[in-house]
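Owing to the predicted nature of the structure, the values given are computational and were not obtained by experimental measurement.
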Amino acid sequence: MRRLRKVSAMEHEPTDGIGEAALGAERVPTTGRPAPISSAHLHDTLARFAATMAATATPPRGTDLRGRARTFIDAAAGRRVPTPTTRREARDVVAAYAAQLRADGTPPERMLIVLKAAVRDATPGVLDQAQLHALTADVVRWSIEGFYSP
C-alpha cells in the first residue's frame, strides 16, 4: 500500500509518468485574481446590455410601434437571439476589465479612453443619443470604481 504525503507548493511529486509533468502541462500559479476578461467578452457584454436597454426603453411619442417592432425583427433575422444582460452583469464585467487594465499598468486616462471606445464600438445604431450618453456615464462610473477598488 502506497503512503501519501503532503506536498508543498514548492515541490512536485512525480505521478507515475502520467500526469501534468509527463504531458508537458505548465502549472499556472494561483494569484487570487479572477480570470482575465478579454476585450471580446467586454464588447459582447456591452452589446447585449445595450440591446436589453433598447428593448426595454419606452419609445418616443408618435413612434410607429409596428414599424419599430418590424425593424427589431429584421435586424435579428438570421442571428441567434442574444441572452439579455442585466445591469449587474455589465457592471461586473466593466469593473473587472478596468481592474485588469490597472494590473497591467494602464494609466487611468487610457483606461477611460479604452472603455469609452468599447461602448461606442459595441453599440452602433442600437441606442439613441440619450441612451448612449446614459450607458457611457454608467460605464465610466463602473470603470473608475473597478480601477480604484482594492
Original post:
Who passes salt bridge (charged side-chain N to carboxylate O under 4.0 Å, His left out) against Arg87, sequence neighbours left out?
Top reply: Asp138

**OP:** For side-chain contact (heavy atoms from CB on, under 4.5 Å), just list the numbers for Leu46 and Val94, CA-CA rounded to whole Å, side-chain angles, deciding distance to a tenth of an Å, and then say yes or no.
**Re:** CA-CA 9 Å; Leu46 288 173; Val94 168; 4.0 Å; yes

Which heavy-atom pair separates [X] from [Y] by the least distance, and what is that distance?
X      : Y      : answer
Val114 : Tyr97  : CG1-CE2, 4.1 Å
Ala99  : Gly146 : CB-O, 3.5 Å
Met53  : Leu127 : CB-CD2, 4.0 Å
Ala98  : Met111 : CB-SD, 4.0 Å

Original post:
Taking side chain as C-beta onward, heavy atoms only, is Lys116 less than 4.5 Å from Thr136?
Top reply: yes

Original post:
Hey, are the side chains of Glu89 and Val93 touching, using non-hydrogen atoms and a 4.5 Å cut-off?
Top reply: no

**OP:** List the steps, then state whether side-chain contact (heavy atoms from CB on, under 4.5 Å) holds for Gln131 with Leu135.
**Re:** CA-CA 6 Å; Gln131 292 170 325; Leu135 178 59; over 6 Å; no

**OP:** Look at atom CZ of Arg110 and say whether more than 12 heavy atoms of other residues, nucleotides or ligands are closer to it than 6.0 Å.
**Re:** no

**OP:** Decide yes or no on side-chain contact (heavy atoms from CB on, under 4.5 Å) for Asp121 and His43, but give the supporting numbers first.
**Re:** CA-CA 8 Å; Asp121 294 344; His43 281 91; 4.0 Å; yes

Donor-acceptor check, side chain of [X] to backbone of [Y], threshold 3.5 angstrom: yes or no?
X      : Y      : answer
Thr123 : Val126 : no
His133 : Gln129 : no
Thr106 : Arg102 : no

Original post:
Shared ILVMFWY cluster between Ile37 and Tyr148, side chains joined below 4.5 angstrom?
Top reply: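 Result: yes, single cluster for both.
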
**OP:** Drop me the distance from Ser39's OG to Leu115's CG, to the nearest 0.5 angstrom.
**Re:**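 One gets 10.5 Å once the value is rounded to the nearest 0.5 Å.
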
Subject >> Leu112: side chain to side chain contact (heavy atoms under 4.5 Å, CB included) partners, not counting sequence neighbours >> reply: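 If we apply the side chain to side chain contact (heavy atoms under 4.5 Å, CB included) test to Leu112, skipping adjacent residues, the hits are Val140, Ser143, Ile144.
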
Original post:
Are any of the side-chain nitrogens in Glu145 or Arg91 under 4.0 Å away from the carboxylate oxygens of its partner?
Top reply: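 Looking at Arg91 together with Glu145, the answer is yes, because their closest N to O distance falls below 4.0 Å.
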
